[in-house]
Amino acid sequence: MNGKAASDIRDGFRERLDYNELMNCMRCGFCLPSCPTYGQEQYEGASPRGRIALMKGVVDGVIEPDADVERQLDLCLGCRACEPVCPSGVKYGHLLEEARDVIQSKKQHKLPVRLVRMFVFRGLFPRMKWMRRLHVAIYWYQKSGLQRLVRGARVLRALPGNLEQLERTLPDVPGPAALRSRPTALSAFGEPKMKVAFFRGCLMDTMFMETNDATMTLLRMAGCDVVVPPDQGCCGALHAHGGEKEMAKRLAKANIEAFEAAGADAIISNAGGCGALLVEYDHLLRDEPQWQERAKAFTSKVRDFTEILIELRFADRRLSLPEQRVTYQDSCHLRNVMGTSKAPRELLRSIAGIRFREMEEADHCCGSAGIYNITESKMSMGILDYKMEKVRHTEAHTIVTANPGCLLQMKLGIVREGAEARMRAVHLADFLLEAALHDSMSGGSA
Amino acid sequence: MVPATIKARLIDIVGENQYRDSNEARLAYSYDATPNFQALPDAVLMPQTTEQIRAILRLCDESRIPIVPRGSGTNLCAGTCPTEGGIVLTFNRMNRILEIDEENLTATVQPGVITKTLIEAVEARNLFYPPDPSSMKISTIGGNINECSGGLRGLKYGVTKDYVLGLEIVLPNGDLVRTGGKSTKDVAGYDLTKLFVGSEGTLGVITEATLKLVPMPESKKTMLALFEDIDAAASTVSAIIANRIIPATLEFLDQPTCKVVEEYAKVGLPTDVNAVLLIEQDGVPEVVERDMQRIADICREGRAVSVKIAQSLAEAEALSTARRTALSALARMKPTTILEDATVPRSKIGDMVKAINDIAKKYDVMICTFGHAGDGNLHPTCPTDARDAGEMHRVEQAFEEIFLKAIELGGTITGEHGVGVMKRPYLALKVGEAGVAAMQAVKSAFDPNNIMNPGKMFAKDARKRVVING
Ligand SMILES: Cc1cc2nc3c(=O)[nH]c(=O)nc-3n(C[C@H](O)[C@H](O)[C@H](O)COP(=O)(O)OP(=O)(O)OC[C@H]3O[C@@H](n4cnc5c(N)ncnc54)[C@H](O)[C@@H]3O)c2cc1C
Ligand code: SF4
Ligand code: SF4
C-alpha cells in the first residue's frame, strides 16, 4: 500500500471509528474463546481483542494500516460472537463495519475484483430483477442437463478453492414461472390475531422460495394476516458488511418506506443475516437525523419468525415427525445481534417423535458468513470441518438452521463428510411445516 | 529490531510461520489486560516444543534479548507488556493435557492449556481442580502458575500454589530443570516448585506442570444474604468462620457496586442494601445442608435483612447473578476500568471497605468494591477515563492510599493479580528493602543477564513513588 492510501485510511479511521468504543475494550480477553478465527489460528491478531487493538493502533498512530492489518480485518467472519460475551459491551460489529467501509473506499482494487464487486453489490443484490435473472440461469443450468454434464466431467475442479463442492450444495430451484407469481397478501387460517409484514429477502425469495412459502404458511397457521410489501428490496447486509455503506443506507431507506405503507404490527424475517441488519437500521442511519424516528419505528417492529410463532403459541399445537435425531446450528446474527436463540429450540423441542440433541458450540459460526466461504475458503473450510466434528458427536440425522447462508454451508459440510446418505440440512421453517403437516396427515393421533 | 543473523537462527529453531515480526504481529502482542500499558515487542515466537524453547533461551541469553513469556495476556499488572522490547514467547501451540493420573490424582499439562479446559477434563472423570480465577475460560495454566492465581473457591480450597506438585522449567541458559513430582512428600533440597509459582516469568519458562487434583464434591448449595450495613456483613463473615464453617465461596458486594449492578441487570436488589454476601458450600449433601442452615442462622443473627437459599440449580444461578454481573456492570460505566486487588486479613474487611469508600470520596473518584470476603481479597474497581489526566492522577493517589491502608491493616498490595510493572513501586512497602534485595538476589542467581521478563517486579530506584514512613 502506498503512503497516501495509508494516511487516507488512518484519517478515515480517525474520523469514523468511535473512539469511546475503542477504549471501552478493556482487553480482558473474555471474547477470545468465542471467536472462531482465534480458535483456528491461536494467534492474538486473529482475535476480537487483537482486531480492536489494531484499529486503535492505527487511530493512535502506533502502526500503519498496512496489508497485514487489512488481512486480519478481512479474516474476521463478522459473526459477532464476541459481542454477547463482552463484559464491557463493546459493539465490535459497528467498529468492523466502519473500518471495512473506510478501507474499501480508500482502496484501489485490481480491475477484476472491482468488476465482481460492482456486479454483486450494485447490480445483483439491490435489484430483484437481476437476482431473478441469475436465478433463471441456475434453473436452466440444472434443468438442461448441463449440471449433470458438469458434475460428471468435474469441470469445476479447475476452479479455485471450494467452488466445485459449493456447486453441489445448490438446491433445486423453482422455475421462472413460479418467480413471477409471488403473493402480496395472505390471510390467516382462522381468526386473525395479528397483522404482519413479511420481509422476503433476495436469496430467500428466489433460490429458497419454498422456505419463504413455508414461513408464510406457518405464520398464517399461527393466526397472522401476512402482507408482503411489493416495493421492498435487498436488506443491504452484504453491502454494510462488505464496505459498501452508502449503498446499504439507500436500501435501508427504501425498505423503511416500503414497510411504512404496510402498517403491520410486526416485520418478520426468516433469515438471521437479513434480520440482524434490519434491526440495526437505526444505527446504520444514525447520522441522518431526519430518518431517525422512522428508522426506530421500523426496527422496533422487526422480529424473527420463530419469536412470533412462540408468542402466538404455535408450539402448543400438535407437531410430530418420524423418529430422528435433530440438532440446531445457530445463525450467528440471529443469535448475537437479534438475541434469538431460545425460540428456535423451544419450537424444535415441541415436535413429537424427534430427539433434540444440542451440539457443543452450536453458537459458533459455521464459516459461511456471507461470501466469506468463497473469499476466504481456507479459513472457512477449517471452521466448517471443526463444526462438522461437533455435528458428528450428536449423531444427528437432521441439522436445522435458520439462515440461508448457514443452510448452504451445512449442506457443504455434509458433502465434504460424504454423509449425504445419512444426514440432511433443512431450514427451520421447512422443518416446522413438515411437522405441522405430518401430524394432520397422520390424523393428529398422539 | 532483532538483528538479521539472530532472526535467521530463531527461524531455524521454530520455523518460518512461528516467527512473526510484522507491525501487525508486534501490535497484537503489545498489551495485556492492564489499562494504559502498551509497548511493542521486536518479535513474537510460537514454539511447539521444550527443545525449541531451550534453544531460543540459550540464543537470547547469549545475545541479551529480553524474553516475555505470555499465556493469554489477561494479567492485570502489565506482566506481559514488553516494556523493554524483545521477544514475546507464546504457548498456544503447547496446549495439551498430557496425562490425568487417577491413581495419584494428578494432571500433567503443557503451559498453554486453558484453565477451563483442564477443569472440564478432570470433572468429566469426577475429579476436581479448584483454582478458578474469573478469567478461567481464557487464562492459561502457565499464567495461573506464574501469577499464583486465586479464585472464588480460594477460602476453602486454597489457590494455585496449593495445587502445583512439580514443574519442568527451562532456565535462561537453556538448562532444563525438573522440580517436585507426583509425590505429596518431597524435601529433596530447596522447594523450587514453590519459588517458581508466582514468579511472573522473571526466572525461567515453565514448559510442563504436574498439578494436584481432589475428588469432586458431591453437591453444592448457594445462598444470598443482604445487609443494611457493612459492619454487620463483615462481622457475619467472621462469625461464620469462627463457628468452624469454611464455605466454598464467600463473596461480597458493597453498596456502590450493588447500585451499579441493580441499574444494569435489574436483579431486584433493594436500594437500601449496603452489602451483599453470596455464600456457597459444597461437599456431602447432609453436611452441606447442615452448614447452610447454620450459616443462614448466623446471617440472621448478624442482622441480615434477607436470607435466601436456592432450591434448584436455576435458583442458584439467579442468586449468583449479582456477583457474576458485577464486572460487566462496572465495565460499561466508563471507557476505562481499573480493577485492583488489595487484600487484608478477613477480620479487617469492614475497616478496609469503609476506608476505601472514604478515600474515594476524598479524591472525588468512583470506587466500587466487591470480592472474595472469605479470604479478605477485595477488588476495589474504578470506572474512569484514561484521557482525563486530572482524574487519572486522583485515581492513582487514591489507589496509593488504599495500598497503604491495606498494609497498615496487616494485608498486602496484591492478593492475586501480581506485581508486574503496575505495582513494582509498592513492593518494598510490603516486603521491605531487605526483602526486595533478597528477591533480587534470587533473580540474578537464576537470570544473571536479566533477560527474563525484565522490568517486572522490581522498581528501578529512581521510579519509586512511595516513601514509607509511619
Ligand atoms: C476480568 C478479569 C478477571 C480476573 N479475575 C481473576 C481472578 O479471579 N483471580 C486471579 O487470580 N486473577 C484474575 N485475573 C488476572 C489474570 O487472569 C490471571 O493472572 C491469569 O492467571 C493470567 O493468565 P494468562 O494465561 O492470561 O497469563 P498472562 O497474563 O499471559 O501471563 C501472566 C504472567 O505469567 C507469565 N507466564 C505465562 N506463561 C508462562 C510460562 N509458561 N512460563 C513462565 N512465565 C509465564 C507471564 O510472563 C506473566 O508474568 C483476572 C483478569 C481479568 C482481566
Ligand atoms: S471481551 Fe470485550 S472488553 Fe474484553 S477483550 Fe473482548 S472486546 Fe475487549
Ligand atoms: S466477529 Fe466473529 S470472527 Fe470477527 S472477531 Fe468477532 S468473534 Fe471473531
Side-chain angles (χ1 to χ4, degrees), chain A residues 1 6 18-35 37-75 82-91 360, chain B residues 17-18 20 22-40 44 46 70-76 88 90-95 112 114 116-117 134-139 143 264 324-339 383 385-387:
Chain A
M1 191 174 303
D18 181 348
Y19 201 74
N20 274 327
E21 206 60 49
L22 288 171
M23 282 189 69
N24 245 332
C25 170
M26 57 176 172
R27 308 191 293 217
C28 63
F30 283 19
C31 50
L32 269 59
S34 300
C35 175
T37 58
Y38 180 74
Q40 289 288 312
E41 300 280 281
Q42 291 293 313
Y43 172 72
E44 178 78 22
S47 78
R49 178 173 66 172
R51 293 186 176 119
I52 293 169
L54 290 173
M55 295 183 221
K56 185 163 183 288
V58 169
V59 172
D60 291 343
V62 184
I63 49 165
E64 292 263 305
D66 59 15
D68 298 313
V69 173
E70 201 186 313
R71 184 77 200 111
Q72 282 309 343
L73 296 180
D74 281 346
L75 263 190
C82 41
E83 289 186 30
V85 293
C86 172
S88 242
V90 174
K91 296 272 180 293
E360 258 179 76
Chain B
N17 199 30
Q18 321 297 336
R20 311 234 176 134
S22 65
N23 284 331
E24 172 263 323
R26 293 166 64 222
L27 189 109
Y29 289 89
S30 65
Y31 54 81
D32 51 36
T34 322
N36 252 355
F37 281 91
Q38 182 163 41
L40 302 185
V44 183
M46 301 176 262
R70 182 185 186 275
S72 291
T74 67
N75 73 88
L76 292 162
V88 168
T90 70
F91 305 99
N92 300 64
R93 283 159 179 64
M94 291 176 71
N95 62 352
I114 301 295
K116 190 164 171 237
T117 308
S134 316
S135 51
M136 70 179 185
K137 71 172 190 172
I138 184 61
S139 73
Y264 165 63
R324 272 190 295 114
T325 51
L327 181 66
S328 301
L330 287 165
R332 279 162 207 247
M333 299 200 61
K334 291 269 192 78
T336 309
T337 308
I338 301 180
L339 182 61
D385 188 334
R387 287 166 295 189

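Note that the structure is a prediction, hence the values are computed from the model and not measured. The figures that follow rest on heavy atoms only: side chains count, while hydrogens, waters and symmetry mates do not. Below, chain A is the first sequence line, B the second, and so on; all start at residue 1.
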Handout entry: Short side-chain donor-acceptor distance under 3.5 Å, R51(A) and T37(A)
Key = yes
Practice task
Under 4.5 Å, counting heavy-atom pairs only, tell me which of G50(A), C86(A), S47(A), P33(A) racks up the most with chain B.
Solution key: P33(A)
Problem - Region of M46(B) that comes under 4.5 Å of a non-hydrogen atom in chain A - result: side chain
Handout entry: Leading residue by heavy atom contact count with chain A [cutoff under 4.5 Å; candidates T74(B), D32(B), T90(B)]
Key = D32(B)
Problem - Part of S139(B) within contact of chain A (heavy atom distance under 4.5 Å) - result: neither
Exercise for the section: State, with a plain yes or no, whether a side-chain heavy atom of I114(B) is found less than 4.5 Å away from one of S72(B). Expected result: yes
Practice task
Measure distances from S135(B) to the heavy atoms of chain A and classify the residue's part below 4.5 Å as side chain, backbone, both or neither.
Solution key: both
Exercise for the section: Can you tell which part of R49(A) gets under 4.5 Å to a heavy atom of chain B, answering side chain, backbone, both or neither? Expected result: both
Completion exercise
Honestly, the part of R26(B) sitting under 4.5 Å from a heavy atom of chain A is neither
Practice task
Compute whether any side-chain donor of one residue and acceptor of the other, for N20(A) and R387(B), lie under 3.5 angstrom apart.
Solution key: yes
Handout entry: M23(A) vs T336(B), side-chain contact (heavy atoms from CB on, under 4.5 Å): CA-CA, chis, key distance, verdict
Key = CA-CA 7 Å; M23(A) 282 189 69; T336(B) 309; 3.6 Å; yes
Problem - Row check, Y43(A) ring normal vs R20(B) NZ/CZ: under 6.0 Å, within 45° - result: yes
Problem - Residue selection (most heavy-atom pairs with chain B, distance under 4.5 Å) from V62(A), N24(A), L22(A) - result: N24(A)
Handout entry: Check: M26(A) and L327(B) side chains under 4.5 Å, non-hydrogen atoms
Key = yes
Handout entry: Step-by-step side-chain contact (heavy atoms from CB on, under 4.5 Å) determination, Q38(B) to L27(B)
Key = CA-CA 9 Å; Q38(B) 182 163 41; L27(B) 189 109; 3.9 Å; yes
Problem - Part of L330(B) lying under 4.5 Å from any heavy atom of chain A - result: neither
Exercise for the section: Sort out for me which of A25(B), P35(B), S30(B) touches chain A most, counting heavy-atom pairs under 4.5 Å. Expected result: A25(B)
Exercise for the section: Classify the side-chain pair Y31(B)/E44(A) by whether it contains a donor and acceptor separated by less than 3.5 Å. Expected result: yes
Exercise for the section: Select one option (side chain, backbone, both, neither) describing which atoms of K116(B) are under 4.5 Å from chain A's heavy atoms. Expected result: neither
Handout entry: Part of N17(B) lying under 4.5 Å from any heavy atom of chain A
Key = neither
